[in-house]
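Index from 1, following the sequence.
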Amino acid sequence: QVQLVESGGGLVQAGGSLRLSCAVAGDTLSGYAMGWFRQAPGKERECVSTISRSGGIRYYTDSVKGRFTISRDNAKNTVYLQMNSLRPEDTAVYYCAAGGSGTTVRMGRSDYWGQGTQVTVSS
């Protein structure tokens, strides 16, 4: 049974930074493309960023380009999302996802999902 456990969320002022972590248990991270999604109250879940199995291909939604960075450490079985210059509109529950490819992850067709971590950005 593969489990994804997110951490690192919290309350931060606008302009601040947070780093989210997603630890993978039950399998090796290198076998999966990974992604981060978020869902704000009353809004649909959106894909924020994905990273390929090797880490060579990364995707970012337009609203976070230049501010967020996704990375992976296969040796630690952990994926990260470094979030800088945070804005109030980044407030959401952030979810980690694992799947067969970056494309399938981005389309929401992930095999596994984490429980989510709350990120709140105050103005």
Side-chain angles (χ1 to χ4, degrees):
Q1 181 77 13
V2 176
Q3 291 186 316
L4 309 180
V5 180
E6 302 99 334
S7 62
L11 173 64
V12 64
Q13 289 188 332
S17 298
L18 285 174
R19 188 177 79 156
L20 305 184
S21 298
C22 173
V24 177
D27 205 345
T28 54
L29 177 66
S30 60
Y32 298 94
M34 302 295 293
W36 287 95
F37 287 73
R38 66 185 179 187
Q39 187 166 22
K43 294 187 177 181
E44 292 188 354
R45 184 181 62 191
E46 69 166 335
C47 180
V48 176
S49 181
T50 64
I51 188 167
S52 62
R53 295 181 188 182
S54 67
I57 301 173
R58 306 180 190 192
Y59 160 85
Y60 299 96
T61 192
D62 286 346
S63 62
V64 308
K65 285 180 181 177
R67 301 188 298 124
F68 290 11
T69 302
I70 191 170
S71 62
R72 63 191 295 153
D73 186 336
N74 288 346
K76 294 184 177 180
N77 256 25
T78 302
V79 176
Y80 305 97
L81 185 68
Q82 177 67 43
M83 306 187 295
N84 299 329
S85 302
L86 283 162
R87 305 167 180 169
E89 54 263 39
D90 294 318
T91 296
V93 177
Y94 283 71
Y95 298 91
C96 179
S101 72
T103 299
T104 56
V105 171
R106 189 170 68 201
M107 295 174 68
R109 298 175 184 172
S110 296
D111 298 318
Y112 303 102
W113 293 86
Q115 293 298 306
T117 185
Q118 176 71 47
V119 171
T120 303
V121 185
S122 63
S123 57

Just checking, is any N or O donor in the side chain of Asn84 or Ser17 under 3.5 Å from an acceptor N or O on the other one?
yes
Between Tyr32 and Asp27, do the side chains contain an N or O donor and an N or O acceptor separated by less than 3.5 Å?
yes
With heavy-atom distances below 4.5 Å as the criterion, would you say the side chains of Glu44 and Gln39 are in contact?
no
Counterpart residues, side-chain hydrogen bond (donor to acceptor under 3.5 Å, both in side chains), relative to Ser101 (two or more places apart):
Thr104
Between Leu18 and Leu86, is any pair of side-chain heavy atoms under 4.5 Å apart?
yes
Applying salt bridge (Lys or Arg N to Asp or Glu O under 4.0 Å) to Arg45 and not counting sequence neighbours gives none
Does the side chain of Leu81 come within less than 4.5 Å of Arg19's, by heavy atoms?
no
State yes or no: are the ring centers of Trp36 and Phe68 separated by less than 6.0 Å?
no
Give a yes or no answer on whether the side chain of Asn77 reaches the backbone of Leu29 with a donor-acceptor pair at less than 3.5 Å.
yes
Checking the side chain of Thr91 only, and the main-chain atoms of Val121 only, is there a donor and an acceptor separated by less than 3.5 Å?
yes
How close do Lys65 and Tyr60 get, heavy atom to heavy atom, and via which atoms?
CE-O, 3.2 Å
Donor-acceptor check, side chain of Arg53 to backbone of Gly100, threshold 3.5 angstrom: yes or no?
yes
Is any NZ, NE, NH1 or NH2 atom of the basic residue among Arg87 and Asp90 found under 4.0 Å from an Asp or Glu carboxylate oxygen of the other?
no
Between Arg106 and Tyr59: side-chain donor-acceptor atoms closer than 3.5 Å
no
Any side-chain heavy-atom pair of Met83 and Val119 under 4.5 Å
yes
